[in-house]
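Comments concern the structure below.
A, B, ... follow the sequence lines: proteins, then strands. Residue 1 opens every chain. Here the structure is a predicted model, which means the values were calculated and not measured.
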Number of protein chains: 2
Amino acid sequence: MDVKAVCLGMLTDGEASGYDLKKQFESTFGHFFAAGYGSIYPALASLASEGYVDCREVPQEGKPDRKVYRITDAGRTRLLEALEKPDPSHKVRSEFLAMMYFAHLMTREQIDTIISHRKQEFDQYLKMFADFEADGLKDWTPGMRFVCGFGKAVTTAIRAYLEEHGDTMTAKDTDNRKAAAG
Amino acid sequence: MDVKAVCLGMLTDGEASGYDLKKQFESTFGHFFAAGYGSIYPALASLASEGYVDCREVPQEGKPDRKVYRITDAGRTRLLEALEKPDPSHKVRSEFLAMMYFAHLMTREQIDTIISHRKQEFDQYLKMFADFEADGLKDWTPGMRFVCGFGKAVTTAIRAYLEEHGDTMTAKDTDNRKAAAG
DNA sequence: CGCAACATGTAAGCGGTTACATGATTAC
DNA sequence: GTAATCATGTAACCGCTTACATGTTGCG
């Protein structure tokens with residue numbers, strides 16, 4: 001399941017342009033499978049060359065032609081094959097946790113700054129999940145609900161953990177930075 | 001904070017070989033910052049060439065010489081600089097959630113297989129965290145406790161979510177795969 | 001007899017990120 | 001006027017993954 005496969009999946013919901021897909025990668029997929037134009041446009045070009053999608057060019061004035069992609073039968077087959085993988089990955093890469101691991105080498109100010117930045121980011125996610133629920137949960141598939149609920153559950157847990165334990169590294173009255181440096 | 005910086009951080013705890021560091025990347029860092037030999041050995045070579053670590057070769061019989069690295073003063077300075085970053089990343093990349101998003105295109109069997117694999121993996125993590133706590137929490141720094149607690153909190157939340165909602169995608173009596181393919 | 005642990009590394013490749021390049025329209 | 005939105009793409013780069021290459025010791 002790479003960017004190409006996800007594009008294919010999104011296109012089962014109806015035709016769309018690269019620009020449209022980007023918005024979905026940012027919003028619904030943002031917290032677990034982000035992708036930028038540099039991944040999406042080449043992915044669509046590649047899918048088109050392989051016959052997994054059709055491309056229809058819609059002329060526009062003052063803007064580049066809008067390229068609208070539609071999934072083909074071969075594309076559907078390919079997607080279903082991609083969905084056969086029995087043990088898909090779930091990876092975290094966190095500079096944040098790596099740095100916190102070495103909190104004893106940092107100043108209290110540095111730690112506080114980082115923790116408060118994190119809190120803000122997770123609050124934004126929480127807001128996003130709330131918006132999803134307020135909005136259009138009605139015509140969502142069970143899978144979409146599951147993924148949204150998953151994100152909300154994880155983010156809620158993290159947010160609570162930061163609130164409860166975010167100050168445990170700054171509570172001490174010693175600044176270990178000098179000791180470590182010297 | 002890349003692999004090189006993390007190696008530097010690990011070396012503040014005492015000298016070690018690439019092989020030693022790999023074990024730490026697998027165990028304590030495994031759930032949020034994994035790295036293999038293909039990253040670690042080049043990282044150490046690079047750090048050595050830049051003067052951030054010293055290398056001492058310990059001859060051994062029947063095995064390649066053990067190369068033991070020690071952080072230098074320049075290395076400590078470099079590490080402290082790396083730790084100044086005010087907003088380190090925390091990224092999730094999940095084929096798992098991407099696939100679940102398209103659960104309506106999968107069979108119940110496929111979904112069940114994936115969910116049960118996930119449960120097993122998260123149970124292993126939970127066991128690992130429990131082992132950490134049983135073992136040597138005594139001489140841990142606050143940062144290490146924080147990171148371990150973070151992992152435990154997140155994993156616990158996920159595990160509970162899977163238990164409660166893992167079957168919501170298979171509850172329906174329709175298999176949408178055929179409809180999607182046809 | 002086979003597997004895990006010990007121990008080091010290289011090289012190709014893959015996939016994603018970032019910066020670059022272009023430019024009109026609309027809303028504040 | 002200036003920022004955001006619409007709209008497409010390329011190319012260089014970066015960093016990590018995977019496979020390859022080699023060989024001993026010790027345990028069950």
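- Rounding to whole angstrom units, CZ of residue Arg93(A) and C1' of dG15(C) are separated by 14 Å.
- Per the geometry, CD1 belonging to Ile40(A) stands 14 Å off P belonging to dA7(D), to the nearest Å.
- Comparing Gly36(A) and Gly18(B) by the nucleotide of DNA chain C whose heavy atom lies nearest to each, the residue mapping closer to the 5' end is Gly18(B).
- Comparing dT17(C), dC6(C), dT8(D) by their nearest atom to the side chain of Tyr19(B) picks out dC6(C).
- Electrostatic pairing of Lys23(B) and Glu26(B) does not count as a salt bridge here, judged by no charged N lying under 4.0 Å from a carboxylate O.
- For Tyr41(B) and dA19(D), the OH to C1' distance is 16 Å, given to the nearest whole Å.
- For the pair Ser39(A) and dG15(C), the criterion of a side-chain N or O lying under 4.0 Å from OP1 or OP2 is not met.
- In this model, the phosphate group of dG9(C) is approached by a side-chain N or O of Lys67(B) to a distance below 4.0 Å at OP1 or OP2.
- To the nearest angstrom, P of dT17(C) lies 17 Å from CG of Asp2(B).
- Phe33(A) carries Arg93(B) over the face of its six-membered ring, with the cationic atom under 6.0 Å from the centre and within 45° of the normal.
- Between the side chain of His117(A) and the backbone N or O of Pro86(B) there is at least one donor-acceptor pair closer than 3.5 Å.
- The nearest whole Å value for the distance from the CD atom in Gln60(A) to the P atom in dT8(D) is 8 Å.
- The CG atom of Leu47(A) sits 13 Å away from the P atom of dG15(C) (whole-angstrom rounding).
- Using a 4.0 Å heavy-atom criterion, one finds that Tyr69(B) contacts the sugar-phosphate atoms exclusively.
- In this entry the distance linking CZ of Arg56(A) with P of dA7(D) reads 13 Å, nearest Å.
- Within a 6.0 Å sphere centred on NZ of Lys152(A), heavy atoms belonging to other residues, nucleotides or ligands number 12 at most.
- Rounded to whole Å, the distance from NZ on Lys23(A) to P on dT5(D) is 10 Å.
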